[in-house]
> 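The structure under discussion is supplied below as structure tokens; questions concerning it will follow.
Naming convention: chains lettered A, B, ... in sequence-line order (proteins, then strands); numbering from 1 in each chain. What you see is a predicted model; the values in this text were computed from it and never measured.
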Amino acid sequence: MSEHGFETLAIHAGAAPEPTTGARALPIYQTTSYVFEDADEAAALFNLQTFGNIYSRLTNPTVSALEERVATLEGGTAGVAVASGHAAQFIALHTLMSVGDEFIAANKLYGGSITQFSTTFAKMGLTCHFVDSSDPENFARALTPKVKAIFVESLANPGGVVTDLEPVARIAADAGVPLIVDNTLATPYLCRPFEWGADIVLHSATKFLGGHGNSVGGLIIDGGKFNWAAEPGKYPALTEPSPGYHGLRFYETFGDFGFAISCRAVGLRDLGPSLAPFNAFLIATGIETLPLRMQRQCESALEVARFLDGHPAIEWVSYAGLENDPHYDLARKYMPKGAGAVFTVGLKAGFEGGVKLVEGVEIFSHLANIGDAKSLVLHPASTTHRQLTPEQAAAAGAGPEVVRISVGLETVEDLIRDLDQALSE
Amino acid sequence: MSVDLAEDLAPLAYPEDLIRSILRNTRTIAMVGASGHWNRPSFFAMKYLQKKNYRVIPINPKEAGNTILGEMAYASLSEVPVEIDMVQCFRGPGAIPGIVEEAKTLSPLPKVLWMQLGVRNDEAGLEAEAAGMTVVMDRCPKIEYGRLGGEIGWLGVNTGVISSRRFKRI
Ligand SMILES: Cc1ncc(COP(=O)(O)O)c(C=O)c1O
């Protein structure tokens with residue numbers, strides 16, 4: 001990371017003043033395409049032989065400001081913004097794998113990711129082995145010669161589960177595969193997975209990065225340290241001549257940001273989920289206040305979690321910020337500034353209790369998102385995790401009695417009062 | 001010691017000011033290993049640098065006597081009839097000691113010996129430094145130019161540049 005502090009980078013990275021007009025806010029380049037200087041320059045651009053913009057499915061200056069900002073905050077070499085967090089997972093894994101390849105993922109993931117990996121990826125000939133991530137050795141046990149990546153969430157949605165990144169990174173490095181960390185719930189303010197050995201970081205920017213519940217978006221960040229050429233032929237998208245670019249090799253040509261360029265120049269070009277410039281503007285603007293929001297939301301989450309922990313209607317609270325939580329020590333290690341603002345509680349009254357809580361609140365919003373300035377509640381068993389089998393749901397921390405809470409920026413006493421009235425109705 | 005992959009050694013870090021001053025003060029680059037093939041990185045790096053007003057002279061025995069991007073190619077550094085500010089090595093680590101030996105015999109001595117992205121030879125680098133050259137290893141001048149000038153930010157690359165100034169200059 002550069003010598004600047006996180007708060008400075010959150011505001012300035014990627015967004016120097018626009019040189020022609022001097023505009024200081026990030027301009028929204030609401031354009032599909034860019035005029036070429038001449039035919040020769042156009043050809044060089046299409047062949048990735050010079051730097052410049054062609055078409056906004058590939059690059060857009062508003063979007064690239066966001067990409068550089070998040071890459072800087074994570075301490076990576078480059079970023080690629082895409083239309084959603086799921087698109088980030090799709091493009092990143094598609095770049096690493098071909099039909100018949102396999103990867104290993106933690107079983108404690110956002111429910112939508114479990115569904116994406118186990119059904120839609122399977123249809124494309126990509127196999128995901130899910131393992132219980134509470135024992136890092138389970139990743140080593142699931143390795144096969146066809147495994148091309150290991151995937152975890154630093155702080156898992158919905159459960160308040162912290163992944164022990166260091167040993168998992170060691171297992172990935174020993175196996176010669178990249179560790180991909182979805183850092184959505186922690187954000188680089190709380191946790192920087194590259195510092196623990198991750199190779200690729202992904203985000204659903206829809207959540208805390210944007211922070212206001214107004215834009216769906218995703219990011220892929222290249223850590224720049226993985227040696228794609230260590231085993232010849234293992235990652236052909238990086239090391240073999242690219243047919244779409246007259247034999248250009250991404251790793252040879254772009255070095256420590258070759259993975260990001262491959263995700264963009266092949267993934268975005270051919271699969272197409274680019275981010276709209278207006279969404280990039282909103283997310284990049286949101287990031288300017290990320291440090292302040294995360295700090296306050298973590299503090300409030302801890303207060304709300306403490307209140308619920310002592311509430312007679314609540315069976316358990318799973319928040320790694322509570323001293324008695326099994327993930328407390330991991331949270332202290334990997335995210336010392338706070339354990340995030342999303343956690344789950346188990347209702348004594350089970351499924352019915354969960355439904356009653358989400359229907360009884362008046363300040364918390366009952367909806368399927370997290371990381372908004374507004375506080376949110378959700379009953380995963382009846383919504384985000386309902387596609388899963390009961391076993392999958394329970395393993396992912398989304399059993400029938402579970403309610404997920406995302407603490408926002410409202411006055412914390414109001415939040416506590418709101419939950420109290422909904423629980424005692 | 002020469003290695004095939006720069007990644008096997010501790011990563012190199014060059015101060016931004018050093019790279020900036022090299023790119024500012026260089027006019028003529030002798031590119032050892034320049035290819036005449038339009039789709040090799042050396043060819044399009046040369047083309048890019050020409051657009052940024054550098055003079056790039058290709059050095060490649062296989063191309064000697066041919067013209068690449070309007071410049072006559074020479075078989076060796078010593079045949080170049082003009083003053084060379086920087087020797088840029090588009091060759092594997094094993095070829096670097098020979099290039100350094102030849103560069104040392106030039107008069108005036110080139111100010112910079114630059115090894116391309118993925119190329120690193122620490123021993124030959126020290127040798128060149130002892131002779132009075134500034135050495136950069138495992139970097140691409142095109143990428144560094146694009147990074148410091150902001151162009152590469154369009155690819156989402158972390159340029160490391162934080163500035164509230166209006167004009168970006170190399
Ligand atoms: C941890 C995590 N990863 C990925 C996603 C998917 O992101 P998106 O909804 O932006 O596609 C989500 C969304 O809930 C998430 O919470």
Side-chain angles (χ1 to χ4, degrees), chain A residues 1-2 4 8-9 12-14 16-19 22 24 40-41 44 47-53 59-61 63-68 70-72 74-81 219-222 224-227 229-230 245-249 251-257 260-261 264-265, chain B residues 3-13 15-16 37-52 69 90 92 115-120 137-140 142-169:
Chain A
M1 175 134 110
S2 76
H4 299 92
T8 305
L9 296 174
H12 288 275
E18 196 284 310
R24 189 62 192 96
D40 196 42
E41 194 233 14
N47 292 329
L48 295 184
Q49 295 176 346
T50 188
F51 308 122
N53 299 296
T59 61
N60 171 285
V63 177
S64 63
L66 169 66
E67 293 167 337
E68 183 173 356
V70 181
T72 304
E74 286 288 3
T77 54
V80 183
L219 280 127
I220 303 165
I221 310 297
D222 190 342
K225 296 213 182 73
F226 193 81
N227 181 359
Y245 289 102
H246 305 283
L248 177 138
R249 298 167 200 256
Y251 191 38
E252 172 195 53
T253 307
F254 297 104
D256 66 3
F257 56 93
I261 301 289
R264 177 190 308 286
Chain B
V3 292
D4 285 333
L5 275 162
E7 283 83 348
D8 294 342
L9 293 166
L12 297 158
E16 196 175 301
H37 191 267
W38 71 275
N39 207 28
R40 289 302 300 156
S42 60
F43 184 91
F44 53 82
M46 175 172 171
K47 190 167 168 181
Y48 179 88
L49 293 168
Q50 285 181 325
K51 265 208 126 157
K52 303 298 175 192
L69 292 166
F90 256 101
M115 298 176 215
Q116 187 54 29
L117 190 61
V119 182
R120 176 166 174 180
M137 302 191 287
D138 191 23
R139 291 288 184 279
C140 173
K142 173 188 156 195
I143 289 175
E144 294 305 308
Y145 194 103
R147 190 171 72 79
L148 297 174
E151 285 182 355
I152 208 170
W154 291 329
L155 288 174
V157 171
N158 179 359
T159 62
V161 176
I162 298 293
S163 174
S164 61
R165 302 266 184 90
R166 181 155 172 182
F167 294 107
K168 290 177 185 161
R169 275 178 310 240

> Judged by modelled atom types alone, do A:Gln49 and B:Asn39 share a side-chain donor-acceptor pair under 3.5 Å?
yes
> Quick one: do B:Ser164 and A:Arg24 satisfy side-chain contact (heavy atoms from CB on, under 4.5 Å)? Show the steps, please.
CA-CA 8 Å; B:Ser164 61; A:Arg24 189 62 192 96; 4.1 Å; yes
> Given a strict heavy-atom distance threshold of 4.5 Å, which part of A:Thr77 is in contact with chain B: side chain, backbone, both, or neither?
backbone
> With a 4.5 angstrom heavy-atom cut-off, is it the side chain or the backbone of A:Leu48 that approaches chain B, or both, or neither?
backbone
> When rounded to the nearest 0.5 angstrom, what is the spacing between CG in A:Asp40 and NZ in B:Lys47?
3.5 Å
> So which heavy atom on B:Trp154 is nearest to which on A:Phe51, and how close?
CZ3-O, 4.0 Å
> Report which part of A:Ala13 has an atom under 4.5 Å of a heavy atom belonging to chain B: side chain, backbone, both, or neither.
both
> Could you report the tightest heavy-atom contact between B:Gly153 and A:Ser64, atom names first, then the distance?
O-CB, 3.2 Å
> Run B:Val157 and A:Glu67 through side-chain contact (heavy atoms from CB on, under 4.5 Å) and show every step you take.
CA-CA 7 Å; B:Val157 171; A:Glu67 293 167 337; over 6 Å; no
> B:Arg166 side chain to A:Pro17 main-chain N or O, any donor-acceptor pair under 3.5 Å?
no
> Are the charged groups of A:Glu252 and B:Arg40 less than 4.0 angstrom apart, N to O?
yes
> How many angstroms lie between CD1 in B:Ile152 and CZ in A:Phe254, if you round to the nearest 0.5 Å?
7.5 Å
> Please report the interatomic distance CG(B:Leu155) to CZ(A:Phe257), rounded to the nearest 0.5 Å.
7.0 Å
> In Å and rounded to the nearest 0.5 Å, what is the CG to CD1 distance from B:Asn158 to A:Ile221?
9.0 Å
> May I ask you to test the A:Arg249-B:Pro41 pair for a side-chain heavy-atom distance under 4.5 Å?
no
> Among A:Asn53, A:Thr253, A:Thr59, who wins on heavy-atom pairs under 4.5 Å with chain B?
A:Asn53
> For the residue pair A:Asn47 and B:Trp38, establish whether any side-chain heavy-atom pair is separated by less than 4.5 Å.
yes
> What part of B:Lys142 gets closer than 4.5 Å to chain A, counting heavy atoms only: side chain, backbone, both or neither?
both
> Restricting to ring pair (Phe, Tyr, Trp, His ring centres under 6.0 Å), what partner residues turn up for B:Phe44, sequence neighbours left out?
none
> I'd like to know which of A:Ala81, A:Ala78, A:Ala260, A:Gly76 tops the heavy-atom pair count under 4.5 Å against chain B.
A:Ala78
